[in-house]
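Just so it is clear, the model here is predicted, and its values are computed rather than measured.
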Amino acid sequence: MVSKIPGLYIHIPFCLSKCPYCDFYSSTSLSAIPDFLNALFKEMEMYRSRFNPFDSVYIGGGTPSLLSPEQLESILVRVRRNFNLISNPEITIETNPADLNRSFLDSMREIGINRINIGVQSFDEKVLSFLGRRHSVKKAISAVETSRKAGFCNIGLDLIYGVPEQNIDSWLDTLKQAVAFSPEHLSCYQLTLETKTPLGKRYQAGEFLIPGEALQYEFFMKTSEFLEDAGYLHYEVSNFARGTELASRHNQKYWDHSPYLGLGPAAHSFQDNRRWWNRRSIDQYITAINAGNLPVEEAETLAIEQLRLEALYLGLRTRKGLYLEEFKNQYHCDLLTEKKKMLDKLQEEGLISIQNGYLYPTQTGLAVADSLSLI
Ligand code: SF4
């Protein structure tokens with residue numbers, strides 16, 4: 001494999017309340033935070049000599065902004081003690097607008113966090129209420145403004161579309177409000193309803209409808225067109241940045257088989273064709289670590305065929321696409337000859353392009369990216 005720089009992910013599995021659509025692993029029992037942190041520090045020691053150096057650290061969750069500045073600082077102190085970081089690492093924290101005030105944000109800057117992701121989700125009060133978010137539009141606005149005043153020059157906003165009764169115009173209003181803050185990064189996710197979540201159950205019980213395929217496509221295309229017109233690069237199905245250098249360094253590792261280490265309950269890791277993931281339970285995670293064991297739930301070694309399929313699936317979700325020569329060397333497959341007929345057809349349909357040695361989806365192709373990987 002081509003050598004790629006690894007990234008470090010730290011999962012903070014706590015939320016003040018559970019949003020009814022959310023399928024991420026988190027608990028509302030905040031009393032477990034001190035024991036969790038002690039276990040996290042031990043887990044870092046267990047991986048001490050592997051994965052060096054990192055060029056990105058991503059503190060995600062859950063809701064990392066629920067931790068105190070002192071707790072977050074202690075995490076980064078332990079990261080630096082146990083691992084090497086390159087001289088200018090990207091260090092991101094995911095936050096809830098409800099937790100952001102000037103003093104917290106000043107502390108985040110002081111401890112070395114240089115990228116802040118804010119879970120705004122919408123600038124429409126009705127949508128926030130449907131999604132069960134614990135912040136208002138007013139609070140979201142002040143969170144973004146205060147982040148800027150605190151000196152953050154790499155701000156990302158998360159937004160959700162495809163919410164029941166939302167129409168294209170109301171979604172475009174949210175996008176207009178978002179770009180008015182000139183965030184460096186925007187993630188626009190389509191609402192997905194996992195069956196086990198409270199909203200998923202209400203949907204299955206027929207309590208509400210979500211936009212059908214045609215309307216979802218329209219949401220996607222309008223989002224892409226609007227944000228590209230506003231100067232954003234649509235660099236992955238759900239992600240937009242004001243230039244390639246502002247694309248999330250960390251998240252790109254998940255799309256190109258770079259190694260990454262995930263610490264904390266339910267976190268996933270990948271290195272040398274091997275993937276493993278931690279126990280999805282704070283108690284089990286702490287118990288395993290306190291017994292001197294890695295808290296790994298399961299691991300798998302991926303065969304070359306699986307890696308190839310993944311690389312195709314993930315690469316065709318990015319605007320950069322796949323570098324064909326590297327793909328051939330890494331996965332032993334010459335797409336240009338082996339898949340010629342299919343590639344010709346997709347090119348005729350305007351879904352992909354092949355230029356300068358890259359195979360990549362067009363803007364329309366990105367909208368149907370999942371089906372492109374079936375070539
Ligand atoms: S705050 Fe984020 S992680 Fe927590 S429940 Fe809501 S969406 Fe999920």
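- With hydrogens and angles left out, the side-chain atoms of Y232 and H234 include no donor and acceptor closer than 3.5 Å.
- Residues L263 and V77 do not share a hydrophobic cluster, defined by chaining ILVMFWY side chains whose heavy atoms lie under 4.5 Å apart.
- Counting heavy atoms from C-beta on, the side chains of L67 and I75 come closer than 4.5 Å.
- F270 has its side chain out of reach of K253: every pair of non-hydrogen atoms, C-beta onward, lies at least 4.5 Å apart.
- For the pair F41/S74, a side-chain contact is recorded, criterion being any heavy-atom separation below 4.5 Å from C-beta on.
- Residue F54 is tested with Y9, Y47, F83 for a ring-ring contact (aromatic ring centres under 6.0 Å, His included); the sole match is F83.
- For the pair D158/I118, no side-chain contact is recorded, criterion being any heavy-atom separation below 4.5 Å from C-beta on.
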*Candidate pair L16 and T63, rule side chain to side chain contact (heavy atoms under 4.5 Å, CB included), full reasoning*: CA-CA 8 Å; L16 208 53; T63 313; over 6 Å; no

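- S103 and D106 form no side-chain donor-acceptor contact under 3.5 Å, judged by distance and modelled atom types alone.
- Under the 4.5 Å side-chain heavy-atom criterion for grouping Ile, Leu, Val, Met, Phe, Trp and Tyr, I5 is not connected to L85 through any hydrophobic cluster.
- For the pair N96 (side chain) and D99 (backbone), a donor-acceptor distance under 3.5 Å is absent.
- Under the 4.5 Å side-chain heavy-atom criterion for grouping Ile, Leu, Val, Met, Phe, Trp and Tyr, W255 is connected to L372 within one hydrophobic cluster.
- Nearest heavy-atom pair across R249 and D55 is NH1-O, 2.7 Å.
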*Show your reasoning for whether side chain to side chain contact (heavy atoms under 4.5 Å, CB included) applies to Q71 and L37.*
CA-CA 8 Å; Q71 288 168 328; L37 287 176; 3.7 Å; yes

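- Looking only at atom types and distance, the side chain of N273 has no donor-acceptor partner in the side chain of Q306 under 3.5 Å away.
- In this structure, E125 does not pair ionically with K138, as no charged nitrogen and carboxylate oxygen lie closer than 4.0 Å.
- I286 places a side-chain heavy atom less than 4.5 Å from the side chain of I282.
- Between K18 and D23, no side-chain nitrogen of the basic residue sits less than 4.0 Å from a carboxylate oxygen of the acidic one, so the salt-bridge criterion is not met.
- Within 6.0 Å of the CD atom in Q204, the count of heavy atoms belonging to other residues, nucleotides or ligands exceeds 12.
- For the residue pair S258 and D256, a side-chain donor N or O sits within less than 3.5 Å of a side-chain acceptor on the partner.
- No donor-acceptor contact under 3.5 angstrom links the side chains of E305 and Y331, judged on distance only.
- In this structure, the separation between NZ on K340 and CD on Q347 is 9.0 Å, given to the nearest 0.5 Å.
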*Assess whether side chain to side chain contact (heavy atoms under 4.5 Å, CB included) is satisfied between N290 and T287, documenting all intermediate values.*
CA-CA 5 Å; N290 287 344; T287 305; over 6 Å; no

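- The ring-ring contact (aromatic ring centres under 6.0 Å, His included) test applied to W276 returns no partner, not counting sequence neighbours.
- In this structure, the separation between CZ on R148 and CG on L105 is 12.0 Å, given to the nearest 0.5 Å.
- Ion pairing of E145 with R102 is absent here, as no side-chain N (NZ or NE/NH1/NH2) approaches a carboxylate O to less than 4.0 Å.
- Partners of K201 under the salt bridge (charged side-chain N to carboxylate O under 4.0 Å, His left out) rule, at least two apart in sequence or in another chain, do not exist in this structure.
- Nearest heavy atom pair, residue N82 against residue M44, reads ND2-CB, 3.7 Å.
- Partners of H250 under the ring-ring contact (aromatic ring centres under 6.0 Å, His included) rule, at least two apart in sequence or in another chain, are Y58, Y254.
- Applying the ring-ring contact (aromatic ring centres under 6.0 Å, His included) test to pairs two or more places apart or on separate chains, those with a residue in residues 355-375 are Y323-Y358.
- Linking ILVMFWY side-chain heavy atoms closer than 4.5 Å, directly or via other members, places L40 and I111 in a single hydrophobic cluster.
- For the pair M221/E225, a side-chain contact is recorded, criterion being any heavy-atom separation below 4.5 Å from C-beta on.
- Residues N239 and S187 bring a donor and an acceptor atom of their side chains to less than 3.5 Å of each other.
- Follow the hydrophobic side-chain contacts under 4.5 Å out from L343 and you reach Y313 in the same cluster.
- Using a 4.5 Å heavy-atom cutoff, the side chains of L186 and L159 are in contact.
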_From CA spacing to verdict: side chain to side chain contact (heavy atoms under 4.5 Å, CB included), E218, I168_ = CA-CA 8 Å; E218 205 183 334; I168 299 283; 4.0 Å; yes

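- Here the shortest heavy-atom pairing between P34 and S31 reads CD-O, 3.4 Å.
- Here the CZ-OG distance, from F51 to S269, works out to 5.5 Å after rounding to the nearest 0.5 Å.
- Taking CG of L335 as the start and CE of M342 as the end, the distance is 12.0 Å to the nearest 0.5 Å.
- Between T146 atom OG1 and I141 atom CD1 the span is 11.0 Å, to the nearest 0.5 Å.
- Taking CG of D169 as the reference point, atom OG1 of T174 lies at 11.5 Å (rounded to 0.5 Å).
- Within the hydrophobic cluster formed by Ile, Leu, Val, Met, Phe, Trp and Tyr side chains joined at under 4.5 Å, directly or through other members, V127 is accompanied by Y21, F130, L131, I160, V163, L191, L193, L199, Y203, F208, I210.
- Remark: R275 does not engage E297 in a salt bridge, criterion side-chain N to carboxylate O under 4.0 Å.
- Side-chain contact between C188 and L227 is present, with heavy atoms from C-beta onward closer than 4.5 Å.
- Every residue two or more places apart in sequence or in another chain that forms a salt bridge (charged side-chain N to carboxylate O under 4.0 Å, His left out) with R317 is listed here: E236, D370.
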